[in-house]
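Only a predicted model underlies this, so the values are computations on that prediction, with no experimental measurement involved. First the proteins, then the strands, lettered A, B, ... as listed; each starts at 1.
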Amino acid sequence: MTGLGYNPPIRRTPPDMNYIEPKAHLADLFRQAVAAVAPDGTVAIELDRPKQASHGDYACNAAMQLARALKRNPREVAAEIIAALPASERVKKVEIAGPGFINCFLKPIAKQCLVGHVLAQGGDYGRTDGGKGEKVQVEFVSANPTGPLHVGHGRGAAFGASLANCLAFAGHDVYREYYVNDAGRQMDILAVSTWLRYLELNGEFVEFPGNAYQGDYVKRMAEGIYALHGDRYKRAAADVLAGAPDRGEAPEEHLDHLIACAKRLLGPDYAYIHGYALEEQLGDGRNDLTEFGVTFDHWFSERTLHDAGLIDRHVATLQKHGHIYEQDGALWFRSTAFGDEKDRVVKRENGIYTYFAADIAYHLNKFERGFDRVIDVWGADHHGYIPRVKGALKAAGADPERLTVALVQFAVLWEGGQKKSMSTRAGQYVTLRELRGEVGNDACRFFYVLRKSDQHLDFDLDLAKSQSNENPVYYIQYAHARISRVLAAWGGDVRDLHDADPTLLAHTSELALLGRLAEFPEVCAAAAREMAPHLVAYYLKDLAADLHGLYVACQFLVDDEALKQARLALVAATRQTLANGLALLGVSAPDQM
RNA sequence: GCCCUCGUAGCUCAGUGGAUAGAGCAUCCCCCUCCUAAGGGGAGGGUCGCAGGUUCGAUUCCUGCCGUGGGCGCCA
């Protein structure tokens, strides 16, 4: 094919270079045909991509669906539908197959013109508007700021962030929020843990409770306070322990006693210790998440609910509507009236609101802030909590259907073939920061969402540490890097490729890649609709495989200038799509590896 | 006991009311004179937990059973 036999390609003007989404186009044709064949029949037009290439590009099952209503042979109905199909320049042929499928074969041009479309869309390729600007709040992570984030939180972070990205890409107006539990007993325990360590630095030794926070970060906070304020918060150990219940027999009461003593002995200074610990841990978590590529529009403080009287107000509202009753000195929400298994306390005998009461106020507040829809990303262990929250929303006159809870199963850590026990208070766990350090942010983000969120995730540390190069994320990133290297070797401007003639793309591998690229918007929309960002991850693996296949099958930098332009345009469009998908998952798209 | 989840190849997991159920890893074989072999091609490997039901059609939906994991606090 060189020398005398070489003929320069003739640049033809294609019939219509404007990209029309093939599926939408076919659906439109079928709607018209079905309306003609069965004016009374209501049947949803479904077009699937057949697994086998011999079954065409799209298959329609409308005939089989209609056959029942019309009480006729599906293949006969199919024949009539085909006869009624309006002509289209983009359809090569349609045929009846099997029990009554209508298989559609597109003309190559219908797929080829996608290349220019992708390049023109750029970072917006894959974006859809099905969300119609609906205001959606996604609340995720929301870990207690009582210590470093661990690998379980990491999964919620990666999932929530990717989900939020997918929703935004699908046309929703997304608001990312972190609920800060800064008002409860756990924070008091952290404050006291810090203070006890601080007392040790001052020579006052109170035996450190086994159920207080054990981690070294607590000691570091104590050192920080000591460095700033010396012995200002020092109190006598004997005073702290005076009258304390036995720590062995009643550890929780013992701890509560210490908390009460700290508040009494420190007076207004207790708020400083509490605040210091809170800010340190919150800052640490924020830092950690930011490095992980996870950011929030707002960090919502639980304490503001108490301070602003929102809990009082919302509980009073429930009370006014007769959903609250008093028993044993406590206030109960009658959640059994809304499908819960038992009623729940909202205000304890000691006058303190429960976490649940704060959560009622928080969720009602979300709707008051004008969100059309609220998504909570929770650990799967909270599933029993859903009925009472939805019940409370209903009782307060809000629509529980507007709250969706996405449950994320725990990531269980394995090392040396053994499950690693995780205890936050004992300080025995692998932190998110450690995990990121071991396997890198990209592999972390990708690995976390490679599984359906409601599926248990076995995180094998040994595998992640020793064989991180086998992680599928590299396979995808490599595809991106390969394209970048080719384009760099070419040395031209990608913008000049927009006008390349895509009709030259006729190789099997090229057509396969074109078909895959066309799926991207639907995949993104499905990921948002089904709250399943793993669909994007799996799609990217398939897309990368198609690219690698083409890479081996076809040389891109060929002598034929027009063909070279066409192929470079195709791979540039592929690179764009890979980058768009990786961005949704918070994974980088490197130009070289 | 009740509620939820999952059960698909040796392992880890995708997937779908449709035609011959897929990928990675593992095993075996092959491919760099060539834009990065972190790549590609091929082989073997399955009663889609079991039993009913709905349907023209069920691995997919429903029910029951068995098994896995989790949850059932005046903790957060």
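Side-chain rings of A/Y178 and A/F140 stay apart, their centers remaining 6.0 Å or farther from each other. A/H257 and A/H254 have their aromatic ring centers separated by at least 6.0 angstrom. A centroid separation of less than 6.0 Å is found between the aromatic rings of A/F338 and A/H323.
Contact annotation: A/R567 side-chain N/O to B/C35 OP1/OP2 distance is not under 4.0 Å. Between B/G15 and A/H534, a contact under 4.0 Å exists linking OP1 or OP2 to a side-chain N or O. Contact annotation: A/R482 side-chain N/O to B/G40 OP1/OP2 distance is not under 4.0 Å. At least one side-chain nitrogen or oxygen of A/K342 sits closer than 4.0 Å to the OP1 or OP2 atom of B/C74. Taking 4.0 angstrom as the limit, A/Y385 places none of its side-chain polar atoms (N or O) nearer than this to OP1 or OP2 of B/G70.
If you check B/A23 for Watson-Crick or wobble pairing at under 3.5 angstrom, you find it paired to B/U12. If you check B/U47 for Watson-Crick or wobble pairing at under 3.5 angstrom, you find it has no partner at all. B/U60: no Watson-Crick or G-U partner with both key distances under 3.5 Å is found in any strand.
Nearest to the side-chain atoms of A/L535 among the listed nucleotides B/A19, B/G15, B/C74 stands B/G15. Nearest to the side-chain atoms of A/V486 among the listed nucleotides B/A19, B/A23, B/C35 stands B/C35. Each of B/C3, B/A38, B/A76 was ranked by its minimum atom distance to the side chain of A/M593; first place goes to B/A38. When the nucleotides B/G71, B/G39, B/A76 are ranked by their closest atom to the side chain of A/D381, B/G71 comes out on top. Comparing atom distances between the A/L557 side chain and each of B/C35, B/A38, B/C75 picks out B/C35 as nearest.
No hydrogens or angles were tested; on distance alone, a donor-acceptor pair under 3.5 Å links the side chain of A/H383 to the base of B/G70. Judged by atom type and distance alone, A/H548 does not reach the base of B/A37 through any side-chain donor-acceptor pair under 3.5 Å. Counting atom types as modelled, A/D48 pairs no side-chain N or O with a base atom of B/A19 as donor and acceptor under 3.5 Å.
Nearest-nucleotide positions on RNA chain B place A/F101 closer to the 5' end than the other of A/D591 and A/F101. Nearer to the 5' terminus of RNA chain B, by closest-nucleotide assignment, is the contact made by A/G98 (compared with the other of A/G98 and A/V345).
Ion pairing of A/R344 with A/D340 is present here, as a side-chain N (NZ or NE/NH1/NH2) and a carboxylate O approach within less than 4.0 Å. Electrostatic pairing of A/R185 and A/E252 counts as a salt bridge here, judged by a charged N lying under 4.0 Å from a carboxylate O.
Stacking of A/R348 on the aromatic ring of A/Y353 is not recorded, the 6.0 Å distance cut-off and the 45° axial limit not both being met. A cation-pi geometry, defined here as NZ or CZ lying under 6.0 Å from the six-membered ring centre and within 45° of its normal, holds between A/R49 and A/Y58.
Note on A/K452: only backbone sugar-phosphate atoms sit closer than 4.0 angstrom, heavy atoms only; bases stay farther off. As judged by a 4.0 angstrom heavy-atom cut-off over every strand, A/D328 is placed among the base-contacting residues. Residue-level contact check: A/N103 touches the bases, meaning some heavy atom is under 4.0 Å from a base atom. Within 4.0 Å of A/Q455, counting heavy atoms only, lie sugar-phosphate atoms of the nucleic acid but no base atom. Contacts of A/R451 with the nucleic acid, taken as non-hydrogen atoms under 4.0 Å apart, involve only primed sugar atoms and P, OP1 or OP2. Residue contacts for A/A553: at a heavy-atom cut-off of 4.0 Å it reaches no nucleic acid atom on any strand shown. Residue-level contact check: A/C60 touches neither bases nor backbone, having no heavy atom under 4.0 Å from any strand.
Residue ring and nucleobase are not stacked for A/Y551 and B/G40 under a centre distance beneath 5.5 angstrom and an angle between planes beneath 30°. Centre separation under 5.5 Å together with a plane angle under 30° holds for the ring of A/H55 and the six-membered base ring of B/A19, marking them as stacked.
Taking the C1' atom of each, B/G1 and B/C62 are spaced 24 Å apart, rounded to whole Å. To the nearest whole angstrom, the two P atoms, one in B/C72 and one in B/A58, are 40 Å apart. Taking the P atoms as reference points, B/C30 lies 44 Å from B/U68, given to the whole Å.
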